[in-house]
Amino acid sequence: MIGLVPVIAVSAALAAPTAAQEKAAIAQVIADMEAAWNRADFRGYMAGFQNPGVMFVSNGRIQRDWQGTLDHYIRDYGGDPARRGTLHFRDLQIDLLAPDAALLVSHYHLERPDHPQEGVNTRLFRKIDGRWVIAMNHVSSYEMHVPAK
C-alpha cells in the first residue's frame, strides 16, 4: 500500500495544469468574450463573468448584478452595430495568485463612430468548478490617443 502513495502523487501532479496552460485558458476567456461582443452576443460576452456573483466597478460606481449588467449592455449597446462598435483587448498581463485565483490587467479599445472608448481593465479571475470566470471587473477609461497631424 505504501508503494501506491508516490504513484498517486505523481499522477495527480501530472494531471494538474501548468501555469502556462492556466494563463492560456484565461486568455481564451477574454478572446471568447471579445468575439461574442463583436457578433452582438451579449449573453456570450457575459459568459466570461461569474454568475450571479460578479462585481463591476466603473465610472465611480459598484454594481453587483450579473443580469443587470447584461440588461445594461443590451440596452446601451444593442441593436445598431455602430452603437455596439468593435471591441478589442490587448496587452494582457496575467498573474496567477493561487490555484483558483488570477489577476488580469489589459487595455481595451471600443471602436465606433460616435464616442469610441479606450481604457484599462483590471479583472480578478476565480476558478470555479474547473472553469475560469471573472469575479471582479474594474474598468478605467482614458482619453483616446489621437495622432498629431
To check you understand the geometry: which heavy-atom pair defines the closest contact between [X] and [Y], and what is its length?
X      : Y      : result
Ala135 : Gln50  : CB-OE1, 3.2 Å
Ala40  : Arg84  : CB-NH1, 3.2 Å
Arg90  : Ser106 : O-CB, 3.4 Å
Gly68  : Gln63  : C-NE2, 3.4 Å
Ala102 : Ile26  : CB-CD1, 3.5 Å
Glu22  : Pro17  : OE2-CG, 3.6 Å

Let me check something: do [X] and [Y] share a hydrophobic cluster, defined by ILVMFWY side-chain heavy atoms less than 4.5 Å apart, either directly or through other members?
X      : Y     : answer
Ile128 : Met33 : no
Leu97  : Met55 : yes
Val133 : Val54 : no

Separation between [atom1] of [X] and [atom2] of [Y], rounded to the nearest 0.5 Å:
X      : Y      : atom1 : atom2 : answer
Leu92  : Lys23  : CG    : NZ    : 11.5 Å
Ile30  : Ile134 : CD1   : CD1   : 4.5 Å
His138 : Met136 : NE2   : CE    : 7.5 Å
Asn121 : Asp91  : CG    : CG    : 12.0 Å
Leu70  : Asp65  : CG    : CG    : 9.5 Å
Gln21  : Gln28  : CD    : CD    : 13.5 Å

Tell me which pairs pass ring-ring contact (aromatic ring centres under 6.0 Å, His included) where either residue lies in [range], with sequence neighbours left out.
range            : answer
residues 86-105  : none
residues 40-64   : Trp37-Phe42, Trp37-Tyr45, Tyr45-Phe49, Tyr45-Tyr73, Phe49-Phe56
residues 111-136 : none

* Asked: Does any non-hydrogen side-chain atom of Asn59 lie less than 4.5 Å from one of Arg61?
  ->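 In contact.
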* Asked: Under 4.5 Å between any side-chain heavy atoms of Met46 and Gln67, yes or no?
  -> no
* Flag if over 12 foreign heavy atoms under 6.0 Å of CZ, Arg83 ->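 Enclosed: over 12 neighbouring heavy atoms sit under 6.0 Å from CZ of Arg83.
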* Asked: Can you check side-chain contact (heavy atoms from CB on, under 4.5 Å) on Val105 and Val120, steps first, answer last?
  -> CA-CA 7 Å; Val105 178; Val120 176; 4.0 Å; yes
* Answer yes when Arg39 and Asp41 have at least one side-chain N-carboxylate O distance shorter than 4.0 Å, and no when they do not. => yes
* Quickly, which of Val139, Ile94, Asn137 forms a side-chain contact (heavy atoms from CB on, under 4.5 Å) with Arg123? Name it, please. => Asn137
* **Residues forming a side chain to side chain donor-acceptor pair (under 3.5 Å) with Tyr108, sequence neighbours excluded** =>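 By the side chain to side chain donor-acceptor pair (under 3.5 Å) rule, Tyr108 matches Ser141.
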* Asked: For Asn51, what residues pass the side chain to side chain contact (heavy atoms under 4.5 Å, CB included) criterion, not counting sequence neighbours?
  ->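 Listed in chain order: Trp66.
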* Residues forming a side chain to side chain contact (heavy atoms under 4.5 Å, CB included) with His72, sequence neighbours excluded ->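 Side chain to side chain contact (heavy atoms under 4.5 Å, CB included) check on His72 returns Arg75, Asp76, Tyr77.
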* Pair Asn38-Glu34, side-chain donor/acceptor within less than 3.5 Å ->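 No pair is found: no donor N or O on one side chain lies under 3.5 Å from an acceptor on the other.
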